[in-house]
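Heads up: the structure comes next, in structure tokens.
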There are 2 protein chains.
Amino acid sequence: MEAQHSFSWLDERKRSILQAVIEDFISTGEPVGSRTVARKYELGVSPATIRNEMADLEELGYLEQPHTSAGRLPSDLGYRYYVDYLMEHPRLSNDDIWRIRQIYDRCTRGIETLVQITTQVLAEVTDYLALVLAPSLLSTAVRAIQIIPLSPGQALLLVVTENGIVESRVLQVPPDLDESELARISYVWQKHLRGLSLDQISSAVLRMLASEMSGYRALLDQIMELLEQALSPSDEERVFLAGATNIMRQPEFRDVEKLRMLLSALEQREMVCTLLAGHGSQDQNMDVFIVIGGENRHPAVRDCSLVVAPYRVGEAEAGRVGLLGPRRMEYGRAVSVTEYVTTHLAETLTRFWK
Amino acid sequence: MEAQHSFSWLDERKRSILQAVIEDFISTGEPVGSRTVARKYELGVSPATIRNEMADLEELGYLEQPHTSAGRLPSDLGYRYYVDYLMEHPRLSNDDIWRIRQIYDRCTRGIETLVQITTQVLAEVTDYLALVLAPSLLSTAVRAIQIIPLSPGQALLLVVTENGIVESRVLQVPPDLDESELARISYVWQKHLRGLSLDQISSAVLRMLASEMSGYRALLDQIMELLEQALSPSDEERVFLAGATNIMRQPEFRDVEKLRMLLSALEQREMVCTLLAGHGSQDQNMDVFIVIGGENRHPAVRDCSLVVAPYRVGEAEAGRVGLLGPRRMEYGRAVSVTEYVTTHLAETLTRFWK
DNA sequence: CCTTAGCACTCCTGGAGGGAGAGTGCTAAG
DNA sequence: CTTAGCACTCTCCCTCCAGGAGTGCTAAGG
């Protein structure tokens with residue numbers, strides 16, 4: 001799916017220089033000149049030599065110049081080479097580890113809250129915009145189904161899954177349906193559906209049930225429709241987002257119009273879903289993948305980079321965690337943090353799954 | 001609570017000029033000159049006369065000049081006079097009405113969703129930032145309390161209120177507690193608490209219950225703690241916000257740093273609560289109230305204005321709806337929309353309350 | 001006494017010009 | 001192949017200047 005990059009061979013010195021330019025640019029945000037590279041990163045050669053090398057790197061497509069006689073900055077391809085071959089992941093500081101672990105130590109509330117707090121901490125720790133795709137419920141088993149009468153004509157349908165997620169809907173019911181009848185319906189449903197996973201409860205099963213309870217046609221149709229909705233909870237509701245104000249600190253977003261475009265796009269949750277889910281399944285071994293600037297499909301994020309890591313519960317991928325930042329983001333750190341978070345998130349979620 | 005404004009008496013012509021300046025400034029965002037007023041708003045006098053009047057209005061504190069030889073723009077006091085005496089509420093267009101009604105026609109989901117959608121539509125219709133305080137649950141009766149076993153050692157506590165709100169928590173329970181015991185506990189709880197409103201279920205009642213079930217000390221302590229949390233659900237969770245990107249279209253927020261300060265502040269939900277709840281109870285008849293720029297307590301919103309309307313269910317105030325925009329906001333329209341929305345929101349909620 | 005035309009004045013704005021600074025590419029020497 | 005030297009280019013920032021908008025004042029007119 002993703003474009004295969006054909007990298008030119010770079011000798012050791014070119015690699016060092018490329019790395020120096022990228023890391024300097026990442027930390028300062030200013031185009032990097034040959035003098036700076038020679039001074040800060042001691043390569044034992046003069047600025048003039050570095051200039052020659054940098055000219056080569058530009059010709060090979062790894063660096064760009066905003067204009068003649070400015071320093072160089074990395075192109076998308078340069079960043080790509082960097083994250084694929086040069087980058088190192090730093091160890092997380094104790095402070096970071098402490099902040100992250102804190103989430104998982106006191107998780108008395110349900111999965112939703114867990115994921116939401118994860119998103120917030122991720123944003124706080126990294127200073128980027130955090131995106132998290134909550135685990136899909138499709139493969140979890142139904143623990144209980146209940147219909148609780150509220151007022152004449154209204155009842156509440158509750159679906160509780162094995163791992164403590166509660167979905168509820170208000171139903172319009174025939175006003176003459178009394179409490180004991182509702183309880184009976186509740187009971188029959190629960191008997192048939194309990195233990196099945198949400199994706200096993202197909203329309204077919206529902207229809208079978210329907211025939212068994214032909215007395216309550218209208219009600220059943222309604223319930224079925226709602227259950228089907230609950231079964232495949234819209235993606236929108238599974239996306240969590242935090243730290244939008246973080247990226248406003250980045251000089252690349254000094255322009256409000258750019259910012260508005262980006263944030264408006266992120267308000268559309270399906271878009272975020274495809275952003276997180278779209279890439280990266282090609283390489284099973286890669287547990288973190290990175291999408292750099294223009295590699296992105298969505299024009300709205302074409303000058304952002306995205307670091308995404310899936311998290312698993314059992315064997316299957318359950319959801320994804322992402323960090324969105326400027327192209328000039330600290331990839332190494334972002335990777336370390338997402339890795340750490342996904343590991344511990346997966347661990348904690350597994351406890352919920354039993 | 002709020003500062004009493006002492007307005008100087010303004011004759012008819014001054015009022016017209018003040019109104020003209022304010023309305024022009026609201027629609028253009030540019031300081032308004034005497035020439036413009038004379039031309040666009042036909043008052044039958046020359047620019048020179050208007051200049052004299054505007055100088056008076058400035059001296060009285062209703063207008064300001066960004067610098068000598070720029071046009072005038074309204075001061076906070078000017079806006080205050082405008083909203084108190086000059087402003088008219090436009091009728092909503094059919095399109096607006098249609099968009100708002102659409103929310104309430106298909107509200108199959110619960111209150112939370114209803115409030116959330118309300119917030120979104122409010123933002124869309126007005127192009128401002130919408131803030132909604134969801135109804136407090138304190139005075140609603142508990143319909144059902146259930147404990148559903150999940151896995152050994154874990155159970156889900158469900159509290160369902162009369163109007164269909166579901167609060168749930170995952171509990172750690174002694175692993176040797178089996179399903180039937182949990183069901184029994186569930187039953188006793190439900191028997192005692194059903195029909196009581198959340199604020200009636202005081203710790204005292206809980207403690208009485210505790211003595212009746214002394215076998216399960218540890219579990220009870222846990223449940224009590226969690227119930228008390230559920231009783232007074234933190235304010236944070238009751239605040240809904242939408243349309244943050246709308247205000248980025250306003251020229252007064254071209255500055256990213258200003259924007260970041262504002263949005264960071266709004267991320268703190270308690271702050272939003274005090275913002276919405278802090279003002280306005282002094283005048284019972286006033287159903288919409290307006291806080292203009294510097295009248296605001298929070299420095300972060302000191303160059304925004306806020307239009308707030310409470311909505312009632314039955315007699316009591318249930319929550320509040322607010323629109324946050326630049327000082328230069330279309331107050332009339334904002335008032336019309338919030339009024340319309342609160343009316344219909346209250347109506348729909350009342351159906352939920354029975 | 002209020003209104004208005006005329007006019008000088010103030011201040012912002014945008015564009016032009018110019019020097020400083022940073023960094024490059026080229027050339028020629030080591 | 002490396003490096004010093006140097007001319008060149010481009011941005012950035014400052015200043016300067018004219019244009020425009022709007023005011024305040026004054027004096028004349030109703």
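Here is the naming used below: chain letters follow the sequence lines, and residue numbers restart at 1 for every chain.
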Q. Per the end-axis method with five pairs at each terminus, what is the bend angle of the helix from C:dC1-D:dG30 to C:dG30-D:dC1, to 10°?
A.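 For the helix from C:dC1-D:dG30 to C:dG30-D:dC1, the axes at opposite ends meet at about 20°.
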
What pairs of nitrogen or oxygen atoms, one from the protein and one from nucleotides 20-28 of chain C, lie under 3.5 Å apart?
from: C:dT24; atom 1: OP1; to: A:S34; atom 2: N; distance (Å): 3.2
from: C:dT24; atom 1: OP2; to: A:S34; atom 2: N; distance (Å): 3.3
from: C:dT24; atom 1: OP2; to: A:S34; atom 2: OG; distance (Å): 2.7
from: C:dG25; atom 1: OP1; to: A:R72; atom 2: NH2; distance (Å): 3.1
from: C:dG25; atom 1: N7; to: A:R51; atom 2: NE; distance (Å): 3.1
from: C:dG25; atom 1: O6; to: A:R51; atom 2: NH2; distance (Å): 3.2

Please list, chain by chain and in numerical order, all residues satisfying side chain to side chain contact (heavy atoms under 4.5 Å, CB included) with [X], sequence neighbours excluded.
X      : result
A:F7   : A:H5, A:Y62, A:L77, A:R80, A:Y81, A:D84, A:Y85
B:N52  : none
A:A334 : A:V307, A:L323, A:M329
B:S69  : B:H67

Q: Hey, could you give me each pair passing salt bridge (charged side-chain N to carboxylate O under 4.0 Å, His left out) that has a residue in residues 328-338 of chain A? Not counting sequence neighbours.
A: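 Listed once each, the pairs are A:D96-A:R333, A:E252-A:R328.
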
(Q) I need the full list of salt bridge (charged side-chain N to carboxylate O under 4.0 Å, His left out) pairs touching residues 56-65 of chain A, with sequence neighbours left out, sorted by first then second residue. (A)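 Sorted result for residues 56-65 of chain A: A:K14-A:D56, A:E58-A:R72.
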
Q: Could I get the full list of ring-ring contact (aromatic ring centres under 6.0 Å, His included) partners for B:F25, not counting sequence neighbours?
A: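 Testing B:F25 for ring-ring contact (aromatic ring centres under 6.0 Å, His included), a comparison that skips the adjacent residues, returns none.
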
Interatomic distance where [atom1] belongs to [X] and [atom2] belongs to [N] [whole Å]:
X     : N      : atom1 : atom2 : result
B:H67 : C:dC12 : NE2   : P     : 5 Å
B:L57 : D:dG22 : CG    : C1'   : 17 Å
B:R13 : C:dC1  : CZ    : C1'   : 12 Å

Q) Sub-3.5 Å donor-acceptor pair from the side chain of B:E295 to the main-chain atoms of B:I292, do we have one? A)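 Looks like yes, one N/O pair under 3.5 Å.
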
Q: May I ask you to list the residues of residues 14-29 of chain A, by number, that have any heavy atom positioned under 4.0 Å from an atom of DNA chain C?
A: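 Contacts with DNA chain C under 4.0 Å: none.
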
(Q) Under the side chain to side chain donor-acceptor pair (under 3.5 Å) definition, can you give me all pairs with a residue in residues 31-42 of chain A, not counting sequence neighbours? (A)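 Sorted result for residues 31-42 of chain A: A:D24-A:K40, A:D24-A:Y41, A:S34-A:R51.
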
Q: Taking side chain to side chain donor-acceptor pair (under 3.5 Å) as the test, write out the residues that go with B:Y82, two or more places apart.
A: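 B:Y82 satisfies side chain to side chain donor-acceptor pair (under 3.5 Å) with B:E23 only.
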
